2 protein chains.
Amino acid sequence: MQKATADKSDPIAAQLAPVGRETVQDRVYLELRRALIGGLFEPSQVLTIRGLADALMTSTMPVREALGRLITEKALEALPNRSVRVPPITLERMDDLLRARILIEGEAIALAATRMTPRQITTIESMLGEWDEMRALKHKKDVDREVTLNQAFHFEIYRACGSAVLIPMIESLWLQSGPCIRVAIYAFSDAGEVDTAHYHRTIVKAIAAQDAKGARDALVADISRPFTFLRSKLEAEAKKGQSV
Amino acid sequence: MQKATADKSDPIAAQLAPVGRETVQDRVYLELRRALIGGLFEPSQVLTIRGLADALMTSTMPVREALGRLITEKALEALPNRSVRVPPITLERMDDLLRARILIEGEAIALAATRMTPRQITTIESMLGEWDEMRALKHKKDVDREVTLNQAFHFEIYRACGSAVLIPMIESLWLQSGPCIRVAIYAFSDAGEVDTAHYHRTIVKAIAAQDAKGARDALVADISRPFTFLRSKLEAEAKKGQSV
DNA sequence: TTATTTGATTTGTGATCACACTTGCATTGA
DNA sequence: TCAATGCAAGTGTGATCACAAATCAAATAA
């Protein structure tokens, strides 16, 4: 009987999965999470358990638990009908999210600025180069890659703040603002070029100088951009809609 | 066929449950939440799905979903064994939690100080009286009532900050620091009298004067107390354990 | 043609079952 | 006596089923 167990826990398999096998539930959760941060779902979109279960090639059980988790961290919204949807974008919510992000991510980067090791600073410096690479082949604007790189850059910094409490909160905030960001980035692309790398360079410079206040200010400028841009866009649309 | 539906959705029943029937899952979730904030579970305690299901008189289904939700908001901890427990208290975690609470609850009360209506201020003023009532019958130190009143006071303020993003974060922080707080309050009781009402009075005074900075400072003093107290207690124990 | 109703389909929720893994205890061996 | 092995109870996870509520569409009546 223990044979089967021994087969799965032999040295080779043990190395492949050293601690804690991955559950389907976690896979589904991470999948949905990635989709939300990346803005693959659009605001107000309704999600169904069975639909997601089919799409993710599993039963309804892991999906419903993953949805429940995402609802508690406000990444999704439970309607009184008991259906769940991606929260819609409103001006109030955007301001609210931006304020919270400035507060918490600002604190995290201020902490990180005094704690990052030369090794870690080298890592985020090397990420600056990737922006230049992307700019080189500008014929294809790869929004997915932009989002991924931006996320990797920020969280490399946040991880260094050393707070096991703040980091999950920041993840939750990104989860909530993911749909807005994607909309904003597309709007950016339409409006012309924007230089994310420039803002990131300023951040890296401040961190390298262990300038906590400078890093915080640079970060605020960086994360405010898409919000203020999207805000003016929404206001313009609202005014147009009002006149029609 | 719709008869049965009509019976349950007739005017009377509709008034009793105007929006969204309560699900067993939510009941379990709120129950566990209340227990955690109130510190009814002790740190490092292991919880089992079937055990909780029996205690809450339901099946395992609602419990596992509630546990999953609590794990994502770091109120509970998933061990590699796949068992779940209340996170243990460490000095690092306490400092981490306190810093986050000062940051976020401080911001919330600063916002609330400029937005609370006279009606709302009257409400929190009336809560001050309850502390005096409790003090009157000091023969029975009702820790549960202290915890509940303290919670009601703080959240009456936080709700007034008008941020749908900050409030859930604060709830999550209370959930995480609940077990610590309970331990600290018991330690308080052993160490003698402490005047929570005094700190709350200072907070109310600042809010009534719309003094955002004063309210923030008073709040920091209030929420720091149990943490610094528990910290010195843990450090003393650690030193004693080290010498033995 | 339009509004109402009836029926069928879809959906979320809770319960139960099957399976794999862990844990703890008792038995067996040196 | 002590360590190791084997068995049994307990536990989490995923799948499936049953049921009630909601949604949608077609048919009927005005």
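Numbers restart at 1 for each chain; the letters A, B, ... are given by sequence-line order, proteins then strands. As the structure is a prediction and not an experimental result, all values here were calculated from the model.
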Residues passing the side-chain contact (heavy atoms from CB on, under 4.5 Å) test with B:S232, sequence neighbours excluded, are none

B:L67 atom CG is separated from D:dG12 atom P, nearest whole Å, by 8 Å

Rounded to whole Å, the CD-P distance (A:E22 to D:dT13) equals 14 Å

| Step-by-step side-chain contact (heavy atoms from CB on, under 4.5 Å) determination, B:E130 to B:R145 | CA-CA 10 Å; B:E130 285 201 48; B:R145 193 174 164 196; 3.7 Å; yes

So, with a heavy-atom separation below 4.0 Å from DNA chain C, the residues of residues 40-49 of chain A are A:L47, A:T48, A:I49

Sorted by chain and residue number, the side chain to side chain donor-acceptor pair (under 3.5 Å) partners of B:D54 (sequence neighbours excluded) come out as none

Report task. Would you please confirm or rule out a distance under 4.0 Å between OP1 or OP2 of C:dT11 and any side-chain N or O of A:N81? Result -> no

note: B:E77, atom CD; D:dG12, atom P; distance rounded to Å ~ 15 Å

From CD of B:Q25 across to C1' of C:dG12 the rounded distance in Å is 10 Å

Whole-Å distance, B:L76 CG to D:dG12 P, equals 12 Å

Q) Quick one: does A:R85's side chain have a donor or acceptor within less than 3.5 Å of a partner on A:E77's backbone? A) no

In this structure, CD1 of B:I49 is separated from CG of B:L67 (nearest 0.5 Å) by 5.5 Å

In whole angstroms, the gap separating P of C:dT13 from CZ of A:R82 amounts to 6 Å

Please check: side-chain N/O of B:R27 versus main-chain N/O of B:L56, any donor-acceptor pairing under 3.5 Å?
yes

Applied to residues 153-180 of chain A, the side chain to side chain donor-acceptor pair (under 3.5 Å) test, sequence neighbours excluded, yields A:R33-A:E171, A:R93-A:Q176, A:R101-A:S177, A:E105-A:Y158, A:E105-A:W174, A:N150-A:H154, A:H154-A:D222, A:E156-A:R159, A:S163-B:D96, A:S172-A:Q176

Check nucleotides 15-19 of chain C against the protein and report each pair of N or O atoms closer than 3.5 Å, with its distance, or say if there are none.
from, atom 1, to, atom 2, distance (Å)
C:dA15, OP2, B:T58, OG1, 3.3
C:dA15, OP2, B:S59, N, 3.3
C:dA15, OP2, B:S59, OG, 2.2
C:dA15, O5', B:S59, OG, 3.4

(request) Look at B:R64 together with A:E65 and state whether they make a salt bridge at an N to O cut-off of under 4.0 Å. (result) yes

A:D26 atom CG is separated from D:dG12 atom C1', nearest whole Å, by 12 Å

With sequence neighbours left out, the residues meeting side-chain contact (heavy atoms from CB on, under 4.5 Å) with B:Q45 are B:F41, B:E42, B:L47, B:V86

When rounded to whole Å, the CG to P distance for the pair A:D54 and C:dG12 reads 12 Å

